[in-house]
Amino acid sequence: MVFHVRSLAVRAIPFDVEIEPGTLDFQDIKVRQAGPLRAAGKAELVMESLGEIRVSGQVKVAMEADCDRCLEPVACAIDSAFALYYRPVAEGYGDEKQIDTGEAEMGFYQGEGVELNDVLSEFILLTLPMQRVCSKDCRGICPVCGQNRNQKECQCQAEATDDRWAALKTLKQ
């Protein structure tokens, strides 16, 4: 669903969609949609602006990501309200100028409007935690043998080395 600026100039456009897994492109191989995504809200043209679009609503989806320590799947449920703003690219490029914090949080669009799937993908990626771990006690993968240390204890001894001093080992006393 594309929200065209010309249509938004007449009235706000409501949406109520359900998107099946595999439809959205998250551009991150570590993140997957685990269940249907449900989103409802509206897109509207911000008054007294030159093509600025506000997309707001509620999104609910079950996501899955790889644990950053052990690579096991981590469930990430999202049920949140959102409001994202987009400005035409022509307004965002050109000479350098100082921007305020509100403008720093604005997205840009090219063409006639914004695509709902792109808006939802962006919001979901922004909502997911930066570090995704299966539990706060996750012990990760052994750097020597690759064993998941949450499942089985290995007997490897990781030797701490400091390569910055390796060149000095060649010097003779």
Side-chain angles (χ1 to χ4, degrees), residues 1-138 140-141:
M1 172 182 265
V2 177
F3 300 116
H4 295 280
V5 175
R6 279 184 267 142
S7 301
L8 294 172
V10 177
R11 64 178 173 79
I13 300 175
F15 61 90
D16 189 357
V17 296
E18 186 168 304
I19 300 173
E20 293 301 316
T23 305
L24 297 179
D25 180 15
F26 293 105
Q27 300 177 357
D28 184 349
I29 58 172
K30 294 182 177 182
V31 176
R32 298 167 294 285
Q33 185 179 335
L37 177 144
R38 184 90 176 136
K42 67 179 179 177
E44 58 192 339
L45 199 60
V46 176
M47 291 299 162
E48 299 181 22
S49 70
L50 298 173
E52 190 174 309
I53 298 172
R54 176 180 187 251
V55 182
S56 60
Q58 181 78 21
V59 66
K60 184 175 184 176
V61 63
M63 297 295 292
E64 187 177 83
D66 294 340
C67 175
D68 288 337
R69 295 181 190 162
C70 70
L71 301 178
E72 290 295 317
V74 178
C76 302
I78 296 173
D79 188 0
S80 180
F82 66 93
L84 300 172
Y85 292 85
Y86 296 89
R87 181 179 287 171
V89 168
E91 294 292 315
Y93 291 133
D95 295 333
E96 287 188 29
K97 57 185 174 182
Q98 186 173 359
I99 60 173
D100 61 28
T101 55
E103 289 177 316
E105 296 179 2
M106 183 161 308
F108 295 96
Y109 67 91
Q110 289 181 320
E112 299 295 315
V114 296
E115 169 68 45
L116 179 60
N117 286 359
D118 293 341
V119 171
L120 295 173
S121 296
E122 177 183 359
F123 178 73
I124 289 167
L125 289 174
L126 290 172
T127 304
L128 289 171
M130 290 293 282
Q131 185 177 20
R132 299 175 284 266
V133 292
C134 57
S135 74
K136 63 181 181 179
D137 299 327
C138 180
I141 294 176

Side-chain touch Met63/Ile78, heavy atoms, less than 4.5 angstrom: yes

To the nearest 0.5 Å, how far apart are CD in Glu122 and OG1 in Thr127? 10.0 Å

Contact summary for Glu44 and Ala12, nearest pair of heavy atoms: CB-CB, 3.9 Å

My understanding is that only one of Tyr85, Tyr86, Phe26, Phe82 makes a ring pair (Phe, Tyr, Trp, His ring centres under 6.0 Å) with Phe123; could you say which? Phe82

Smallest heavy-atom separation, Ser121 atom then Asp25 atom, equals OG-O, 3.7 Å

State which residue, out of Asp79, Leu37, Leu120, fulfils the side-chain contact (heavy atoms from CB on, under 4.5 Å) condition with Val61. Leu37

Nearest atoms (heavy-atom pairs only) where Ile13 meets Ser7: CD1-CB, 3.8 Å

With a 4.5 Å limit on heavy-atom distance, are the side chains of Phe108 and Pro88 in contact? no

Derivation of the side-chain contact (heavy atoms from CB on, under 4.5 Å) call for Asp16 and Arg38: CA-CA 8 Å; Asp16 189 357; Arg38 184 90 176 136; 3.1 Å; yes

For Ala75, side-chain contact (heavy atoms from CB on, under 4.5 Å) partners two or more places apart: none

Where do Met130 and Asp68 come nearest, in terms of heavy atoms and distance? O-OD2, 3.8 Å

Out of Gln33, Arg132, Arg32, which residue meets the side-chain hydrogen bond (donor to acceptor under 3.5 Å, both in side chains) rule with Glu64? Arg32

To check you understand the geometry: which heavy-atom pair defines the closest contact between Cys76 and Leu128, and what is its length? CB-CD2, 3.7 Å

Rounded to the nearest 0.5 Å, how far apart are CG of Leu71 and NZ of Lys30? 7.0 Å

Shortest non-hydrogen contact from Gly113 toward Ile53: CA-CD1, 4.3 Å

